[in-house]
Q: 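Submitted below is the structure of interest, expressed as structure tokens.
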Amino acid sequence: MQRYEFDGLEINWKVWAEQGRKTWIEGDEDNYAQLLEELRGQLNAHVASNGQPYLLTIHTGAILERTNSLDLPQISKYVDWITLAAYDLNGSWIPFTGFQSALYQASDSPFKDNDFHNADSVVQAHLTAGVPSQKVVLSVPFFGRGWKGVGDTNDGLWQIWAEEEQGTWDDGGRINYFDIKFRLTPTYTHWDDEALVPWFYNPDTGIMISYEDSESLRHKAEYVKKNNLGGIAIWELSRDDNESTLLNTLYKELCDSDC
């Protein structure tokens, strides 16, 4: 970090448990807080070449059990911000299509318990736990999640998909925005006024894609400002189109008048 004059360190430990591989054991709640406390102390003992203190940040995922396993009030004392990966909230691991990065819960969603299937529930859980709003950073995707073999009911939304066809896609149906953009026509694009996100559905091919566009990102930027959050993070820049449409949208919406 010092050799290459980086700004600081980020700990990216999102997964609570995956496919039987236990990554979080009893005692790790305290251990994680102690790790961050030790890192904060070590970073405070040094100052960057420009005289600024080093940053310590963490990146967490939208998993209720994992959030409940974190000592968020203690952790927030040591970190400059907590980046919330409020995406991949629906994908090929769920038997029906849906929004992978909804801002709010849709009333017709099969997820009736509001259990971390939208960005607002993720953010509010951290604020309720005592994390200062300025230390919460909302992470948004510059990619979509797609499904194949989807029937045309409800324009492909909340529908069962064909698993045997899904297997032909890599990485659980992840599709970059620059690839999605070429598919977008008024005939195949739809908007949810409650979740505040778009989706794509082509009944001829049976393909449904949940993604972000300029309009949905404007709503997320407004949400960040309304809730006095620390900002927006992106996963990741190379997935935008050649005109940097999504990045420019966020810059315009978040930028102060003197930018």
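Numbers for residues simply follow the sequence, beginning at 1.
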Q: Salt bridge check: are Glu236 and Arg239 linked by an N-O gap of less than 4.0 Å?
A: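 Counted as a salt bridge, because a side-chain N and a carboxylate O are separated by less than 4.0 Å.
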
Q: Calculate, to the nearest 0.5 Å, the distance between atoms OG and CG belonging to Ser214 and Leu246 respectively.
A: 5.5 Å

Q: According to a 4.5 Å side-chain heavy-atom criterion applied to Ile, Leu, Val, Met, Phe, Trp and Tyr, with indirect links allowed, do Leu55 and Leu84 form part of one hydrophobic cluster?
A: no

Q: Calculate, to the nearest 0.5 Å, the distance between atoms OH and CZ belonging to Tyr188 and Phe200 respectively.
A: 7.0 Å

Q: For Leu250 and Val140, what are the C-alpha separation, side-chain angles and deciding distance, and is it a side chain to side chain contact (heavy atoms under 4.5 Å, CB included)?
A: CA-CA 10 Å; Leu250 289 175; Val140 300; 4.1 Å; yes

Q: Just by modelled atom types, is the Ser244 backbone N or O under 3.5 Å from a matching donor or acceptor in the Asp241 side chain?
A: yes

Q: Charged N to carboxylate O under 4.0 angstrom, Lys77 versus Asp71?
A: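 Salt bridge: no.
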
Q: Check whether any side-chain N or O of Ser210 sits under 3.5 Å from a backbone N or O of Gln100 as a donor-acceptor pair, and report yes or no.
A: yes

Q: Quick check: are there more than 12 heavy atoms from other residues, nucleotides or ligands sitting under 6.0 Å from NZ of Lys225?
A: yes

Q: Side chains of Trp81 and Thr83: any donor to acceptor distance under 3.5 Å?
A: yes

Q: Counting N and O atoms only, with roles assigned by atom type, does the side chain of Glu194 sit under 3.5 Å from a partner on the main chain of Ser107, one being a donor and the other an acceptor?
A: yes

Q: Check whether more than 12 heavy atoms from other residues, nucleotides or ligands sit under 6.0 Å from atom CD of Glu5, and answer yes or no.
A: no

Q: So does Trp235 have more than 12 non-hydrogen atoms from other groups sitting under 6.0 Å from CH2?
A: no

Q: Within a 6.0 Å radius of atom CG on Asn242, are there more than 12 heavy atoms belonging to other residues, nucleotides or ligands?
A: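 Check fails, neighbour count at 12 or below.
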
Q: Keeping the roles fixed (side chain from Asn227, backbone from Leu229), state whether a donor-acceptor pair exists under 3.5 Å.
A: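 The answer is no, because no donor-acceptor pair under 3.5 Å joins these two groups.
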
Q: When you compare the side chains of Ser216 and Glu212, does any donor N or O come within less than 3.5 Å of an acceptor on the partner?
A: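 Per modelled atom types, Ser216 and Glu212 side chains form a pair under 3.5 Å.
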
Q: Main chain of Val197, side chain of Asp192: is a donor-acceptor contact present, judged purely on distance under 3.5 Å?
A: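 Side chain of Asp192 to backbone of Val197: no pair is present.
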
Q: So does Asn31 have more than 12 non-hydrogen atoms from other groups sitting under 6.0 Å from CG?
A: yes

Q: For Phe99, run the ring pair (Phe, Tyr, Trp, His ring centres under 6.0 Å) check against Tyr87, Tyr211, Trp158, Phe111 and tell me which one passes.
A: Trp158

